[in-house]
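Have a look at the structure below, then the notes.
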Amino acid sequence: MVARNAFLVTYLAIQIALPLRGVLRSRFDSHGSFSWNMYSQNYACAAQYHAMTRDRGPVQIEHRYHLNRPSRVEMLYNRESLPWLHRYLCEEYGDRTGFESLRGMVECTWNGSPLVPLVDPEVDLCRAENYGVTER
Amino acid sequence: MTSRLATGWERFWTRSGSPFHLALFRVAFAYSLFHEAGVTRAKSLYAVEGGFHLPYLSFIQPVSQQTFDWMYTLQLPLVVLLGLGLLTRVSITALLAIQGYIFFSDQLNFRNHPYFFLLVLLLLALSPCDEALSLRSLLRYLRKRVSLDRALFGSSAPMTMQRLIQVQISIVYFYSAVHKTHPAFLRGEVLAADLGDAIASGASGRLLSWLFGADSMDRVREIVERPSTMIVPAVLTVLIEYGLSLALWFRRTRPVALIVGIGFHVGIAFLMNIGTFSYAMLGSYLLFLEPDTLRARLRPNRPG
């Protein structure tokens, strides 16, 4: 009985608290997984990345094609996930001949809000704090 | 007060009944899993090595395409075993391991459907879902260890895990409604954005075109993509989801809740092309029926 109640309490605590985390956090900060958020939000982003090179100037990076399913890239457009994407792009492009810096622009709107910039377009994402992802 | 709460807690979780409804749910759930496997295979490609990955835990590494394909192929006979109720614990444990590995190998694999199926699999593993209507119970009958009645309907036992699955269903409805309770959704803007594409690419669009011609779909899409048209459906959706999270539990409200819920999920399946999740939720309604309801109807001259 003790083991059963311990399991029940633990399971219920997780299943009530975990979705609450997604409800309380801003969509700009995290994707909100594990919170039963199903077809309830309009979230749209415009994103562009450029590798600044010595010889050719800015070269556009098709970042979504680094994903096994490019259509899911919007899951990354939040303050929690973007630093990981930027770190990956820096590792991927940083060693290439002529590469100088990585610049990016990600702006998102959530349920009709004005566009919110999640990435500082003025900095080198590979050298900036938090890989150039803006603070809340 | 504390002892009343403790008594209520015990009564809720240890209420006894036949596992027959749970067994029916097991079969329905296995059917949903079988159909979901192909969809999840196409949408869980982040489990395959190469490209950008965002793992939950660093030790869960992506696999080769060949291993990934094998993991999906292996699931199908396990799902069949689950549906038949044979080697149930083994098949559920293996399914949890495979699906859990794929799901947790990358955050980009997150979708609500596989997450829901993982939770239900966990709870079924701890439940007596194969004590009735299963090959296991049938084999016990053939070996003359149990009566036919017991092989079909099982024997009365605490319905703890069944109750927990029911609570999980209510949690899904409740939080889904909470996420929709904001001005943009209630103004119809979210449904207007989602429904147009869904109708164009799904069964409802094909039906409209067949009945009224290809132009009809464009006209319907024009109407549906206007937020003002979607205000009533949006508000109804929120009210239905809040309502279902509670109304399925009580005898007086259950009949209406069942009718509304069935209509709601069939509508979602048809209009938004969300089939397997809808059918799994509908299958779970069996768990909300009073214990022994179907047994009493199937064997009216025997005590429940």
Side-chain angles (χ1 to χ4, degrees), chain A residues 1 3-5 7-24 27 30-44 63-76 78 80-89 91-92 109-113, chain B residues 9-10 13-14 42-55 62 106-113 115-116 119 122-123 126 158 160 163-164 167-168 171-185 187 189-195 198 237-238 241 268 272 274 277:
Chain A
M1 190 173 92
R4 183 207 71 200
N5 283 340
F7 173 80
L8 288 171
V9 168
T10 306
Y11 183 93
L12 289 171
I14 292 171
Q15 289 306 316
I16 291 167
L18 202 52
L20 202 55
R21 187 174 170 269
V23 169
L24 296 175
R27 181 66 178 84
S30 89
H31 179 254
S33 301
F34 302 101
S35 67
W36 308 113
N37 180 356
M38 296 183 282
Y39 299 94
S40 62
Q41 316 277 325
N42 276 343
Y43 190 74
H63 59 287
R64 65 189 67 225
Y65 294 113
H66 287 275
L67 276 58
N68 288 352
R69 276 189 75 217
S71 59
R72 292 229 102 189
V73 70
E74 215 154 76
M75 277 185 77
L76 292 172
N78 57 79
E80 196 171 70
S81 304
L82 278 170
W84 298 97
L85 175 64
H86 295 174
R87 184 175 125 172
Y88 170 82
L89 292 175
E91 287 170 0
E92 186 69 19
T109 169
W110 179 28
N111 291 330
S113 74
Chain B
W9 171 274
E10 277 305 304
W13 292 112
T14 60
K43 295 187 176 185
S44 296
L45 290 175
Y46 294 100
V48 178
E49 57 201 8
F52 173 77
H53 290 282
L54 191 59
D106 199 306
Q107 295 185 42
L108 290 164
N109 278 341
F110 180 86
R111 287 165 54 238
N112 286 295
H113 306 177
Y115 176 46
F116 176 72
L119 291 174
L122 173 66
L123 300 182
L126 301 170
T160 310
R163 293 243 138 176
L164 195 50
V167 170
Q168 181 64 67
I171 290 173
V172 172
Y173 278 130
F174 178 75
Y175 275 111
S176 182
V178 166
H179 277 294
K180 294 180 174 76
T181 310
H182 61 85
F185 188 90
R187 284 195 300 259
E189 292 166 16
V190 177
L191 277 185
D194 287 340
L195 215 47
T237 297
V238 174
E241 288 188 329
I268 288 174
M272 299 193 69
I274 303 168
F277 188 78

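Chain A is the first sequence line, chain B the second, and so forth, proteins listed ahead of strands; every chain is numbered from 1. Note that the coordinates shown come from a computational prediction; the quantities given were computed from them, not determined experimentally.
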Original post:
Given that the side chain runs from C-beta out, which part of B:Tyr46 has a heavy atom under 4.5 Å from chain A: side chain, backbone, both or neither?
Top reply: both
Original post:
Could you state the interatomic distance from CZ (B:Arg111) to CZ (A:Arg72), rounded to the nearest 0.5 Å?
Top reply: 7.0 Å
Original post:
Contact part of B:Leu108 toward chain A, heavy-atom cut-off under 4.5 Å: side chain, backbone, both or neither?
Top reply: both
**OP:** For A:Arg4, look at atom CZ and say whether over 12 heavy atoms of other residues, nucleotides or ligands are found less than 6.0 Å away.
**Re:** yes
Original post:
Is B:Leu45 close to A:Leu67 at the side-chain level, that is, under 4.5 Å between some pair of heavy atoms?
Top reply: no
**OP:** Kindly indicate whether the side chain of B:Phe52, heavy atoms from C-beta on, has any atom under 4.5 Å from the side chain of A:His63.
**Re:** no
Original post:
Measuring heavy-atom distances to chain A, does B:Ala177 have an atom under 4.5 Å in its side chain, in its backbone, in both, or in neither?
Top reply: neither
**OP:** Using a 4.5 Å cut-off on heavy atoms from C-beta on, say whether the side chain of B:Leu54 contacts that of A:Met75.
**Re:** no
Original post:
Under a 4.5 Å cut-off applied to non-hydrogen side-chain atoms, are A:Met1 and B:Glu10 in contact?
Top reply: yes
Subject >> 4.5 Å side-chain heavy-atom contact, B:Ile268 and A:Tyr39 >> reply: no
Original post:
Quick one: what part of B:Val238 sits under 4.5 Å from any heavy atom of chain A, side chain, backbone, both or neither?
Top reply: neither
Original post:
Using non-hydrogen atoms only, which part of B:Thr160 is less than 4.5 Å away from chain A: side chain, backbone, both, or neither?
Top reply: side chain
Original post:
How far does CZ of A:Phe34 sit from CG of B:Leu119, to the nearest 0.5 angstrom?
Top reply: 9.0 Å
Subject >> Contacting moiety of B:Val178, where chain A heavy atoms sit under 4.5 Å >> reply: side chain
**OP:** Using non-hydrogen atoms and a 4.5 Å limit, figure out which bit of B:Phe277 sits close to chain A: side chain, backbone, both or neither.
**Re:** side chain
Original post:
Within a radius of less than 6.0 Å around CH2 of A:Trp84, do more than 12 heavy atoms belonging to other residues, nucleotides or ligands occur?
Top reply: no
Original post:
Relative to chain A, which segment of B:Asp194 carries a heavy atom at a distance below 4.5 Å: side chain, backbone, both, or neither?
Top reply: side chain
Subject >> Rounded distance (nearest 0.5 Å) linking atom CD of B:Glu49 with atom CG of A:Asn68 >> reply: 9.5 Å
Original post:
Would you find a donor on one side and an acceptor on the other, under 3.5 Å apart, between the side chain of A:Asn42 and the backbone of B:Ala184?
Top reply: no
Original post:
In this structure, are over 12 heavy atoms from other groups packed under 6.0 Å from A:Tyr65 atom OH?
Top reply: no
Subject >> 4.5 Å side-chain heavy-atom contact, B:Tyr175 and A:Ile16 >> reply: yes
Original post:
Is the closest side-chain heavy-atom distance between A:Gln41 and B:Val190 below 4.5 Å?
Top reply: no
Original post:
Where does the angle between the aromatic ring planes of B:Phe110 and A:His31 fall among parallel (under 30°), tilted (30 to 60°) and perpendicular (over 60°)?
Top reply: perpendicular
**OP:** Would you name the heavy atoms of B:Lys180 and A:Met38 that are closest together and state the gap between them?
**Re:** NZ-O, 3.1 Å
**OP:** May I ask you to decide if B:Val172's main-chain N or O and A:Gln15's side chain share a donor-acceptor pair within less than 3.5 Å?
**Re:** no
Original post:
Between the main-chain N or O of A:Ser40 and the side-chain N or O of B:His182, is there a donor-acceptor pair closer than 3.5 Å?
Top reply: yes
**OP:** Heavy-atom distances under 4.5 Å only: say whether B:Leu123 touches chain A with side chain, backbone, both or neither.
**Re:** side chain
Subject >> Under 3.5 Å donor-acceptor, A:Tyr88 side chain and B:His53 backbone >> reply: no
**OP:** Measure from the ring center of B:Tyr115 to the ring center of A:Trp36 and say whether it is less than 6.0 Å.
**Re:** yes
Subject >> Engaged part of B:Thr181 at the chain A interface, taking heavy atoms whose separation is under 4.5 Å >> reply: neither
